[in-house]
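Model, not experiment: these values are computed from the prediction.
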Amino acid sequence: MAEAHSAVAFSFSITHEGWDINYDREVLDLVWQSGVRSWKKRLARFRTGVRNGVYPAHLQSLWLVIAIAVGLHFTQRHVPFDLVNKWLSVLPGDSLQWQLTACSLAGLIVWLSICYTMRYSLKLLLMYKGWMYEKRAPGSRVSLQTRLWGLFVKVLATWNKPGLYSFQGSLPRLPLPSVQDTMQRYLRSVRPLLDDSNYNRMERLAKEFEQGISTKLQRYLFLKSWWSTNYVSDWWEEYVYLRGRGALMVNSNFYGIDAIFMHPTKVQSARAASVVNLLLQFRRTVERQELEPILVQGLVPLCSWQYERIFNTVRAPGVETDKIIHYQDSNHIVVLYRGCYYKVIIYHNGRLLRPCELQIQIEHILQQSEEKPQPGEELLASLTAGDRTKWAQIRQTVFAKGVNRTSLHTVESAAFVLSLDEKPFEFDLAHPEKLDQFGRYLLHGNGHDRWFDKSFTVCVGSNGRIGFNAEHTWADAPVMAHVWENIVADEATNKRYDENGNTVGIPEFEPPTPKRLTWDLNDKVALVAIDEAHIAAQKLLNDVDLRILVHDAYGKGLMKTCRLSPDAFIQMALQLAYYRDAGKFSLTYEASMTRLFREGRTETVRPCTIESAAWVKAMLDSNVSTVDRVRLLNEACERHQLGYQDAMCGKGIDRHLFCLYVVSKYLEIDSPFLQEVLSEPWRLSTSQTPHGQTAKMDLKKHPNCISAGGGFGPVADDGYGVSYIVAGEDLIFFHISSKRSCGTTSSERFAQEICRALADMKHLFEEYRSLQKKNPSNGTNSDKPQAK
């Protein structure tokens, strides 16, 4: 009863002497501060909502238009369409007050007309994608049409400084390709993978589908493309992510790694406090929409929809399907240390805690080394790493009430989770296995020190290096890469640590003491479920074969001298490396974004093409000349570039086929073609980690602040997952994953093949230039596209 009494803010009783009121002023003050902060955020959201609703027009321009309407009316000039007099005819009178009211209403109508004319004009301009296909090689001319388009977009999009979501109403919808076009692209993409008989069979299935049920399926999809904001994204999130019943760890979640050439402090509590503060500042810029939207080439906006769920977000398990829960506000984070959970308040006295104040809280947690986890607590997070249905069933029983429900809600509603690891995160070029282990710590940890359901978990090593593990449903990797870039850039450009490695600044007050979360997991069912999840997690993580390759022989500098896109160059190297490793070509996945459209996420680029296969075979044929090899490589890169551009412009293959398949399932129509297409394994799954998304980072001044990128687990049991980041003129990081249980794959062997392929490509161009010097007539068309 004493605990219950202390849990209330106030109480009262009636005695013979009158009212007896007891209250806790500190608790009431916390309630008041929370309410004030909440209302401030609501008002800010309303203000920015109105601002975004009229963008690209200025909100302040309303008063100018009303002033013009008043001036026109009182100088006996008519407002357009005689709006003032029309309003006066329906108002109660024509006194000065009512005349001003009529002028204001007329001005409002004119202003709204201007606003929406500007918005839809910008939307029409952004529907044009011809600029994507313009060659950007030195000396090539941009078409007059594209130059005029760029001028109009610049006038409309940049004259009023945009907020994070200002362009959302002006972004076009993702276009729906025709079935005929998708069939042609698909058949072309699988030609190098199939022999003649299998290709003829697939061609027959595609023709039957196109001439048969595709018309009905496409009709429903056409209706959805007009009715919904994006015809792909909601189904993609639902069926690819939320309905997946497998483990999130390794299979879905991805990781990001520190800027390994920087080590600003070795004090774990200081680095953790600094990163937490920077993340919360970033959250504030998102909530206030002060974060600048990303503009491609400084002109074309990308959709910012995914930023809404970076913080205060969790993927809650369900028996049949999970759901994403986003909390509008959260004034705490949860810290996980040595199997114990702590609630850390991040707001106090009406403001965000500073790094020096956060460090006091984190040091308090680190000093609790003698505290032991409660029964079942240490392995509790294994539940989030295992089978989703089992986790949902336990959640509905063991965590449905009491302290378990309260503590689970505290974890799930936190801004994010911070994991203080007891092991150092190390990097040493002389010992590459240390970086491999760094990646493994971030990808899966020990299976129970990451809360895999949270939007992301920040991981801090005992030596102060950092990384993150992110859940994939709520957003794609470029969003977390943007967040990470801001942290790295801020730490590189601002002094955040003193000479002893502690955070700078003097605390203004004693911050709230972290509160240890309590659990009641003595129930046999709970303990058995936790143990089973832990065993399954250990089996899964022990099967991961991760290799992080630091390729410093050359980078994008040499690739650009070859007049080739760095991305296409690397993808061709991966094709050559895979063919040498596996002895065959395989269906290859490369992630491309569709954020040029509203609520766009990703599309698949298929790098294994007829042209890339021809070049790979030429590289293995000693009878093919250097000139022909270079010509074939140029053709392969051009084809890859075109495929990437098509994917970004809504002309991809796989998302369209995926949605047609979903419609067929709803209509209970079987399609042999769709079933075979959707069951094809991606044995080589690749993704490029973007960088340079924030203006804060100047790599010329701070070349060491580039992140090493991040990675993910293999998509197929007998395949590779490859993530890469072109980190500089002479540096590329490859994150290569596979499964140890597969006898045909080896991440170390594949890393060696990548190095060999890149070396062969460098040697190829050196030979080609040597031949050109000897005989200038030996050449290929040099007008090739440059880097994306």
Next on the checklist: Whether Glu290 and Lys161 form a salt bridge (side-chain N of Lys/Arg under 4.0 Å from carboxylate O of Asp/Glu) is what I want to check.
Outcome noted: no
Item to check | All salt bridge (Lys or Arg N to Asp or Glu O under 4.0 Å) counterparts of Glu753, not counting sequence neighbours | outcome: Arg756
Item to check | Results of side chain to side chain contact (heavy atoms under 4.5 Å, CB included) for His763 - residues two or more places apart only | outcome: Glu766, Glu767
Checklist entry - Between the side chain of Ser707 and the main-chain N/O of Ala259, is any donor-acceptor distance below 3.5 Å? => result no
Checklist entry - Between Gln168 and Cys303, is any pair of side-chain heavy atoms under 4.5 Å apart? => result yes
Item to check | Atom of Ile257, atom of Trp484 and distance for their closest heavy-atom approach | outcome: O-NE1, 3.1 Å
Next on the checklist: Cation-pi check for Tyr231 against Arg173: NZ or CZ below 6.0 Å from the six-membered ring centre and within 45 degrees of the axis, yes or no?
Outcome noted: no
Checklist outcome for this item: Output for pair (Ser565 OG, Gln645 CD), nearest 0.5 Å, gives 9.0 Å
Item to check | Test item: Tyr199 and Leu187 side chains (from C-beta on) under 4.5 Å apart, heavy atoms | outcome: yes
Checklist entry - Partners of Arg201 by side chain to side chain contact (heavy atoms under 4.5 Å, CB included), sequence neighbours excluded? => result Asn198, Arg204, Leu205, Glu676
Next on the checklist: Under the salt bridge (Lys or Arg N to Asp or Glu O under 4.0 Å) definition, can you give me all pairs with a residue in residues 207-234, not counting sequence neighbours?
Outcome noted: Lys224-Asp234
Checklist entry - Can you list the steps and then say if Tyr255 with His735 is a ring-ring contact (aromatic ring centres under 6.0 Å, His included)? => result CA-CA 10 Å; Tyr255 69 89; His735 299 249; 5.6 Å; yes
Checklist outcome for this item: So salt bridge (Lys or Arg N to Asp or Glu O under 4.0 Å) across residues 144-153, not counting sequence neighbours, yields none
Checklist entry - Taking the side chain from Thr285 and the backbone from Leu291, do they hold a donor-acceptor pair closer than 3.5 Å? => result no
Next on the checklist: Going by side-chain contact (heavy atoms from CB on, under 4.5 Å), Val300 matches just one of Leu295, Leu126, Ile294. Which one?
Outcome noted: Leu126
Item to check | Counterpart residues, side-chain hydrogen bond (donor to acceptor under 3.5 Å, both in side chains), relative to Ser687 (two or more places apart) | outcome: none
Checklist entry - Under 6.0 Å between the ring centres of Tyr724 and His551? => result no
Checklist entry - Would you find a donor on one side and an acceptor on the other, under 3.5 Å apart, between the side chain of His656 and the backbone of Cys659? => result no
Item to check | NZ or CZ of Lys617 within 45° of Phe585 ring axis and under 6.0 Å | outcome: no
Next on the checklist: Asp646: which residues meet the side-chain hydrogen bond (donor to acceptor under 3.5 Å, both in side chains) condition with it, sequence neighbours left out?
Outcome noted: Tyr133
Checklist entry - salt bridge (Lys or Arg N to Asp or Glu O under 4.0 Å) with Arg309: which residues, sequence neighbours excluded? => result Glu237
Item to check | Those residues that, when tested against Tyr579, pass side-chain hydrogen bond (donor to acceptor under 3.5 Å, both in side chains) (two or more places apart) | outcome: none
Checklist entry - Less than 4.5 Å apart, any side-chain heavy atom of Glu599 and any of Leu174? => result no
Next on the checklist: Within this structure, what is the OG-CZ distance for the pair Ser304 and Arg595, rounded to the nearest 0.5 Å?
Outcome noted: 6.5 Å
Item to check | Any side-chain heavy-atom pair of Leu633 and Phe765 under 4.5 Å | outcome: yes
Item to check | Gap between atom CG of Asp760 and atom CZ of Arg629 - 0.5 Å precision | outcome: 8.5 Å
Next on the checklist: To the nearest 0.5 Å, what is the distance between OH on Tyr554 and CE on Met559?
Outcome noted: 5.5 Å
Checklist entry - Which residues satisfy the side chain to side chain contact (heavy atoms under 4.5 Å, CB included) test with Pro607, sequence neighbours excluded? => result Gln571, Gln575, Thr588, Glu590, His640
Checklist entry - Are any non-hydrogen side-chain atoms of Asn230 and Arg598 less than 4.5 angstrom apart? => result no
Checklist entry - Judged by atom type as modelled, is there a donor-acceptor pair below 3.5 Å linking the side chain of Ser612 to the main-chain atoms of Met572? => result no
Next on the checklist: For Lys123, is there any backbone N or O sitting under 3.5 Å from a side-chain donor or acceptor partner on Ser170?
Outcome noted: no
Next on the checklist: The criterion is side chain to side chain contact (heavy atoms under 4.5 Å, CB included); which residues satisfy it with Tyr239, sequence neighbours excluded?
Outcome noted: Trp235, Arg243, Phe658, Val662, Tyr666
Checklist outcome for this item: Nearest heavy-atom approach of Ser592 to Val605 is CB-CG2, 3.5 Å
Item to check | Steps toward ring-ring contact (aromatic ring centres under 6.0 Å, His included) verdict (Tyr307, His482) | outcome: CA-CA 10 Å; Tyr307 287 78; His482 190 184; 5.6 Å; yes
Checklist entry - How would you list, by chain and number, every residue that makes a side-chain hydrogen bond (donor to acceptor under 3.5 Å, both in side chains) with Asp181, sequence neighbours excluded? => result Ser178
Checklist entry - Tell me, do Arg631 and Trp615 make a side-chain contact under 4.5 Å, heavy atoms counted? => result no
Item to check | Rounded distance [0.5 Å steps], CG in Leu574 versus CD1 in Ile754 | outcome: 5.0 Å
Item to check | Distance in Å, Leu678 CG paired with Phe673 CZ, rounded so as to fall on 0.5 Å steps | outcome: 9.5 Å
Checklist entry - Do the ring centers of Tyr186 and Phe209 come within less than 6.0 Å of each other? => result no
